[in-house]
Amino acid sequence: MRNGRARVDVNQAVVLCGGLGTRLGKITKRTPKPLIKVNNKAFLDYVLLNLTRFGINEIVLLCSYKSAIFFKKYNNKKINNVKIICVKEKKLMGTYGALLNAKKKLNNFFFLLNGDTYFNVNLRDFQKKYNPNYFCSIALSKQKNISRYTAVEKNKVDTITKINTKVKKKKFVFINSGINIINKKIFNIRTLKNKSSLEKEVFPYLVKKKKIQGIYSKNYCDFIDIGVKADLKKSHNFIKTKIIKPAIFLDRDGVINEDLGYVFKKENFIWKKNIFKAIKCINDNNFYVFVVTNQSGIGRGFYNEHDLNVLHSWMNKKLNTTGAYIDDFFYSPYFKRSKKYSSIKYFNLRKPRIGMINLAKKKWVIDLKKSWVIGDQITDIKMAKNAKLKSVLIQKKDDIFKIIKKKLIKS
């Protein structure tokens, strides 16, 4: 319970990909809007990769226009171990109708977003603030030019009181970013037709019933929508400058948890003081959080990779309750006498070598000049030096939250 209400886990993301993209003219004649290439990569790929940072288990793509292209590219594929499934909408039924069409595939609570919009929202922070008594919660952005967007007004307790409102020109207002948490109870609204729009019909109805929430945070930033040509043009520079982030590479045992030796069970996992605050601080300051950890216990046969992945998933679930998250985990199972894990491939992953850093660089766009390694062993510091990264060696009694807040974030 939180503030007298039940907390929910949201582990599914649903992406609306069915629009015709008529405002882009000839550009979408052959290519669906979310698949338009931005810097030689489909725009939707950036959206999906970003989703995998938050521990999502499944992504559902709702497709209509040229749906066969989506099915071929994504259906039953995985990105960072997150499964993607596609659902076909035979005829355009509006955004609410698209959800109804996929109803059997949807969890009780799910993130909903647009395939042509990138909004740098901490989804776990958004989830933490969500009140499941609402049928829908909207992540709000503050914008000045709102001619293309839905203006929103809310009260002090975040209940949306007006939607599609008219505002004075040049005034900063809340807009619907297109990122939502949906409660499946929304499908119990019998007065709505199957063919209907969330923004035009469903959301105004929820406003009247006081069943829609709006959440804004100053950390909800970096918004782009490629729905018109001018913004599509801007998106190329946006991708280059906004998606790149510095990273904090954290050792695990001794930094995140007490080093009790070959920890692989949650029963033996003891969190270090203020580590939840520390990771949330890193998240809020737009850094990636990567765990880089030597795990020779795998090579020694004490536990296996599945055991380790289960523990890491559990760690993120616990962090999610505070709005924090770890973007990705990298580990080295190397042990010199192991039959399976003694090859040069695994040897190069083991600190102080930089194999884990290189894996992170391949998967994510990282600003290495502003990145740091935090560890409690000399091997961590040597790895940082070998990778030409800055580093901090912490002692057992150090408060990592204070170190991050004073030294790293302001650097």
Side-chain angles (χ1 to χ4, degrees), residues 9-13 49-59 78-83 122-125 127-128 247-283 287-335 340-341 346 349-351 355-364 366 373-377 379-380 383 400:
D9 288 322
V10 186
N11 296 310
Q12 184 186 56
L49 182 63
N50 189 55
L51 280 174
T52 67
R53 299 168 58 203
F54 302 102
I56 301 295
N57 295 334
E58 183 182 65
I59 299 172
K78 288 187 176 182
I79 297 179
N80 287 351
N81 292 318
V82 180
K83 185 179 179 180
N122 176 346
L123 292 181
R124 293 308 175 186
D125 185 68
Q127 173 193 300
K128 183 186 73 170
I248 305 293
F249 294 91
L250 296 176
D251 178 43
R252 201 194 75 179
D253 302 316
V255 175
I256 294 176
N257 58 287
E258 297 290 347
D259 189 355
L260 304 180
Y262 307 112
V263 175
F264 71 98
K265 293 182 179 180
K266 63 183 181 181
E267 292 82 7
N268 301 325
F269 194 94
I270 302 173
W271 296 94
K272 295 282 284 188
K273 179 184 177 182
N274 282 340
I275 189 63
F276 282 51
K277 279 185 177 181
I279 293 174
K280 182 66 163 59
C281 181
I282 299 171
N283 298 147
F287 281 69
Y288 288 121
V289 182
F290 299 132
V291 168
V292 284
T293 175
N294 285 342
Q295 292 292 326
S296 69
I298 296 173
R300 294 170 189 269
F302 298 157
Y303 48 94
N304 57 40
E305 291 187 71
H306 175 74
D307 295 328
L308 187 68
N309 290 330
V310 168
L311 179 66
H312 288 169
S313 178
W314 172 83
M315 287 169 59
N316 244 346
K317 293 291 184 187
K318 290 294 182 182
L319 287 164
N320 291 168
T321 63
T322 66
Y325 60 93
I326 292 168
D327 291 276
D328 211 342
F329 294 84
F330 301 94
Y331 60 88
S332 170
Y334 175 80
F335 180 59
K340 183 177 181 180
Y341 297 107
Y346 297 113
L349 292 176
R350 185 168 176 82
K351 292 181 278 188
M356 289 186 281
I357 302 290
N358 288 337
L359 287 179
K361 285 164 60 178
K362 286 182 180 180
K363 288 179 73 173
W364 305 95
I366 305 170
V373 172
I374 301 179
D376 68 327
Q377 301 291 329
T379 51
D380 297 310
M383 178 188 68
I400 188 173

Q: Kindly determine whether Phe290 and Phe249 satisfy side-chain contact (heavy atoms from CB on, under 4.5 Å), including the steps that lead there.
A: CA-CA 5 Å; Phe290 299 132; Phe249 294 91; 3.5 Å; yes
Ignoring hydrogens, what is the shortest heavy-atom contact between [X] and [Y]? Give both atom names and the distance.
{"X": "Ile56", "Y": "Val82", "answer": "O-CG2, 3.3 Å"}
{"X": "Ile374", "Y": "Val255", "answer": "O-CG2, 4.0 Å"}
{"X": "Val263", "Y": "Glu258", "answer": "CG2-O, 4.3 Å"}
{"X": "Leu51", "Y": "Ala13", "answer": "CD1-CB, 3.9 Å"}
{"X": "Tyr331", "Y": "Leu349", "answer": "O-CD1, 4.0 Å"}
{"X": "Arg53", "Y": "Tyr325", "answer": "NH2-OH, 2.8 Å"}

Q: Run the salt-bridge test on Lys351 and Asp380 with the 4.0 Å N-O cut-off and return the result as yes or no.
A: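 Looking at Asp380 together with Lys351, the answer is yes, because their closest N to O distance falls below 4.0 Å.
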Q | Sidechain N-carboxylate O distance under 4.0 Å for Lys265, Asp307 | A |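 Asp307 and Lys265: not salt-bridged.
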Q.
Is it the case that the side chains of Tyr303 and Gln295 hold a donor-acceptor pair, with the cut-off being a distance below 3.5 Å and no angle test?
A.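 Result is yes, a qualifying pair exists.
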Q | Passing option when Lys363 is tested against Asp327, Asp328, Thr52 for side-chain hydrogen bond (donor to acceptor under 3.5 Å, both in side chains) | A |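 With Lys363 as partner, side-chain hydrogen bond (donor to acceptor under 3.5 Å, both in side chains) holds for just one option, Asp328.
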Q) How far apart are the C-alpha atoms of Phe302 and Tyr262, what are their side-chain angles, what is the distance that settles it, and do they pass the ring pair (Phe, Tyr, Trp, His ring centres under 6.0 Å) test? A) CA-CA 8 Å; Phe302 298 157; Tyr262 307 112; 4.9 Å; yes
(Q) Please check if the number of heavy atoms outside Lys317 that lie under 6.0 Å from its NZ is greater than 12. (A)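 Atom NZ in Lys317 is packed in, count exceeds 12.
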Q.
Does the plane of the ring in Phe276 sit parallel, tilted or perpendicular to the ring in Trp271? Use 30° and 60° as the thresholds.
A.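 It falls in the perpendicular class, over 60°.
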